[in-house]
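The structure under discussion appears below in the form of structure tokens.
A note on names: the letters A, B, ... follow the listed sequences, proteins ahead of strands, and every chain is numbered from 1.
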Number of protein chains: 2
Amino acid sequence: LRTNGSLCSICADRATGKHYGAASCDGCKGFFRRSVRKNHAYTCRFSRQCVVDKDKRNQCRYCRLKKCFRAGMRKEAVQNERDRISCRREGQAAGSLSISVLLQAEASTQQFSSWTPAAHSDITAKKIALVGDVCESMKQQLLLLVEWAKRIPDFCELPVDDRVCLVIDSAPHLGGGSAYSLCWNSHDDLPVTGNDFVIPVSGPELEVSKVAARILEELVRPLRELDITDSEFACLKAIIFFAPDCPGLESPQPVRRVRFQAQVLLDEATCEQRGRFGELLLMLPPLQSVAWQMVEQLQLARLLGEASVDSLLQEMLLGEGASAAATASTAAATRASDNFTSVILPVPTGKFGSIYHFNMLNLRGAFLKFSRQADSEQYF
Amino acid sequence: LRTNGSLCSICADRATGKHYGAASCDGCKGFFRRSVRKNHAYTCRFSRQCVVDKDKRNQCRYCRLKKCFRAGMRKEAVQNERDRISCRREGQAAGSLSISVLLQAEASTQQFSSWTPAAHSDITAKKIALVGDVCESMKQQLLLLVEWAKRIPDFCELPVDDRVCLVIDSAPHLGGGSAYSLCWNSHDDLPVTGNDFVIPVSGPELEVSKVAARILEELVRPLRELDITDSEFACLKAIIFFAPDCPGLESPQPVRRVRFQAQVLLDEATCEQRGRFGELLLMLPPLQSVAWQMVEQLQLARLLGEASVDSLLQEMLLGEGASAAATASTAAATRASDNFTSVILPVPTGKFGSIYHFNMLNLRGAFLKFSRQADSEQYF
DNA sequence: CTAATTAGGTCAAAGGTCTA
DNA sequence: GTAGACCTTTGACCTAATTA
């Protein structure tokens with residue numbers, strides 16, 4: 001009667017209006033208020049994936065509260081005193097970085113991707129990835145990463161050299177299909193690259209399979225168990241990307257500030273679920289580790305001549321000078337990215353030394369050189 | 001009080017209100033709920049005409065339940081089981097790990113250390129560390145690490161092989177003077193090893209100095225800026241140590257639980273200071289990175305013959321077989337640790353392969369082998 | 001000014017706990 | 001394992017403050 005037919009977005013019972021930011025029933029409304037007021041820390045007796053519906057909503061308070069937050073309820077909307085029913089307006093956060101900026105950046109680069117979640121269903125149709133395919137995926141992801149970064153105002157305000165540094169440094173973690181995107185795309189039991197190959201745990205290439213096993217065990221599984229949300233993922237990506245310790249950074253301080261912002265946003269996005277924020281941040285060390293192993297394996301594969309690492313990627317990831325085939329293959333890379341609003345230009349040939357940078361990212365030199373070309377600034 | 005003089009319509013005891021559709025006492029209320037929930041089918045031993053009153057209500061369940069229904073109780077009014085309310089259970093489920101346990105573990109291993117903060121004042125008196133000195137420091141720290149771990153009950157409850165795994169895996173991060181202990185001991189502008197050497201930023205050994213610079217820039221400085229407390233440091237150490245992704249772990253789940261505990265303790269230790277918890281956890285990736293570089297440099301130094309890496313440490317950190325000098329040097333190591341309640345026994349000689357484990361920790365093999373000696377279990 | 005919303009509050013009757 | 005005295009949580013229903 002009082003509700004125009006809408007359902008509670010938490011338990012699908014009849015909603016009595018919007019409460020604390022989400023259409024909900026009186027039960028969930030009261031539950032949320034009590035939980036926030038008493039600062040309750042529930043624990044799930046199962047695996048934090050309980051079904052929350054009208055019948056079962058009282059069976060797990062942890063999962064019910066989690067769903068309240070995910071449905072959009074904000075704890076700030078719960079007022080403490082009776083006469084504080086004022087200020088009902090929407091308050092905007094202080095910093096320029098916000099969840100919505102990050103979500104939009106994610107969304108608008110998703111459209112460039114040829115791969116869509118809907119096409120995800122048929123695993124058997126996918127080809128098995130060899131080292132070369134992984135490299136190809138990494139290259140594609142790297143182009144997307146630039147697009148993504150450009151949609152974040154704080155990124156655009158950085159010095160151009162630092163922008164380049166950040167993209168390059170985070171390539172193995174984010175742009176590389178290696179870790180981040182693999183987590184995102186993968187099935188429970190099979191890593192899938194951005195270009196729709198699967199990496200089998202027991203495949204023809206032993207070393208690749210080893211990485212696949214680590215991805216599943218150390219990254220995909222914990223993230224599935226946490227059941228990470230889009231917002232959380234977006235924040236995590238920003239935290240990884242804005243790395244103040246990134247080598248070669250001119251002014252790390254602005255980067256540190258942005259990461260701080262992102263980190264606080266993640267904390268808020270986890271909605272007070274006990275321990276969740278920490279568990280999400282603790283994904284970073286294994287992510288870093290797996291990303292490095294990935295790069296290691298590519299290097300190894302290159303040495304053994306098992307794979308034809310694309311020259312552009314080789315230049316970028318391994319810090320080697322472009323080979324004779326560079327011109328042709330980078331031209332292809334440029335073609336392949338015609339539908340991007342910007343491309344990463346072919347890197348000028350040249351040796352960048354063979355010093356083994358510990359972050360395993362000698363690509364910096366290549367990109368820094370690239371970025372100093374006057375006409376390239378428009379791309380960043 | 002709450003019952004306005006009405007009687008239980010089943011047994012005529014004092015009613016505590018309407019329950020399931022009938023005015024009833026707590027006894028009949030509970031009896032009805034249990035009966036319906038468990039779907040009990042009682043039988044009457046007499047002629048199904050038993051008297052049900054306050055005194056005799058427990059003499060025939062069949063007749064009591066029948067009277068409940070006749071009084072108007074409806075089984076539809078009995079709901080599904082709900083979540084647990086109890087908070088007493090959380091007291092023990094919260095685990096034995098606490099701030100005080102961690103602080104005590106820290107304190108009681110500090111006493112073994114020859115180095116004391118008070119002796120810290122005169123930097124100029126300290127010797128400049130060469131690679132060999134760094135190794136010596138790492139060895140000492142590793143012994144301390146075992147002592148530290150043994151004072152944490154959760155550690156002692158783990159399978160012996162997993163205990164060994166954890167010590168070895170975290171050696172470069174914690175036991176190794178490389179990162180953690182260096183941060184702790186160091187001045188603002190000069191890293192100091194556990195054995196009281198300084199690592200100069202511009203010293204005779206270029207590679208060592210590079211690491212020193214990273215330690216200062218990426219670890220010491222941020223930690224100074226945060227002005228980390230003892231409690232926070234203790235938690236951070238535990239978080240690093242209890243690494244569920246540690247390779248070779250038999251049962252990662254208990255380790256993950258302990259790390260969760262430690263992580264939540266750190267959150268509490270930061271006392272609600274906005275962003276502080278996150279900033280502290282974000283120290284882990286650079287810590288990991290620096291630790292790896294440290295191990296890398298040791299390996300490099302060994303290859304170049306610049307340093308005489310102690311055989312025990314070599315065995316443990318680089319995964320190489322003990323050299324000819326092993327017996328002598330491990331004997332020295334044992335002597336040096338006479339005042340520990342346990343020592344790490346000399347590792348039996350043997351090759352452990354030269355496969356480059358990505359975590360840069362081939363030591364696992366060495367320690368696992370060690371741990372399988374029956375008489376060695378007492379040391380863990 | 002009134003209606004629509006959505007804060008806050010109440011308390012009967014669900015639930016669970018725990019000793020005997 | 002059950003019984004039942006005792007405590008907590010739920011949610012339907014209420015009032016009140018703000019806003020269109």
Using a distance-only test with no angle check, is there a side-chain donor-acceptor pair under 3.5 angstrom linking B:Thr229 and B:Ser231? no
Roughly, in whole Å, what's the span from CG in A:Asp13 to P in D:dT10? 15 Å
CD of B:Gln79 versus P of D:dG11: gap in Å, rounded? 8 Å
For B:Glu279, which residues count as a salt bridge (charged side-chain N to carboxylate O under 4.0 Å, His left out) partner, sequence neighbours excluded? none
Do the rings of A:Phe32 and A:Tyr20 sit parallel, tilted or perpendicular, given the 30° and 60° boundaries? tilted
For the helix from C:dT2-D:dA20 to C:dA20-D:dT2, what angle lies between the axis at the first five pairs and the axis at the last five pairs, to 10 degrees? 10°
Steps toward side chain to side chain contact (heavy atoms under 4.5 Å, CB included) verdict (B:Val167, B:Arg163): CA-CA 6 Å; B:Val167 169; B:Arg163 274 178 275 166; 5.8 Å; no
Closer than 4.0 angstrom, basic N to acidic O: yes or no for B:Asp245 and B:Arg256? yes
note: B:Lys18, atom NZ; C:dC11, atom C1'; distance rounded to Å ~ 16 Å
Ion pair present between A:Asp154 and A:Arg257, side-chain N to carboxylate O less than 4.0 angstrom? no
Using the closest heavy atom to pick a nucleotide of DNA chain D for each, name whichever of B:Arg82 or B:Arg57 lands nearer the 5' end. B:Arg57
Does the pair B:Asp13/B:Arg57 count as a salt bridge with the N-to-O cut at 4.0 Å? yes
Write out all pairs satisfying side chain to side chain donor-acceptor pair (under 3.5 Å) with one or both partners inside residues 70-81 of chain B, taking only residues at least two apart or from two chains. B:Gln79-B:Arg82
With a 4.0 Å cutoff (strictly under), does any side-chain N or O of B:Asn58 reach OP1 or OP2 of D:dG4? yes
Give the residues of residues 19-41 of chain B touching DNA chain C, defined as any heavy atom closer than 4.0 Å, sorted by residue number. B:His19, B:Tyr20, B:Lys29, B:Arg33, B:Arg37
Rounded to whole Å, please give me the gap between CD in B:Glu76 and P in C:dG15. 13 Å
Could you give all pairs that pass the side chain to side chain donor-acceptor pair (under 3.5 Å) test and reach residues 32-42 of chain B, with sequence neighbours left out? B:Ser35-B:Tyr42
Would A:Glu106 and A:Lys237 pass as an ion pair if we require N to O under 4.0 Å? yes
Considering only heavy atoms, which members of residues 59-72 of chain A lie under 4.0 Å from some atom of DNA chain D? A:Arg61, A:Arg64
Closer than 3.5 angstrom, by distance alone: can the side chain of A:Thr109 be matched with the main-chain N or O of A:Leu144 as a donor-acceptor pair? no
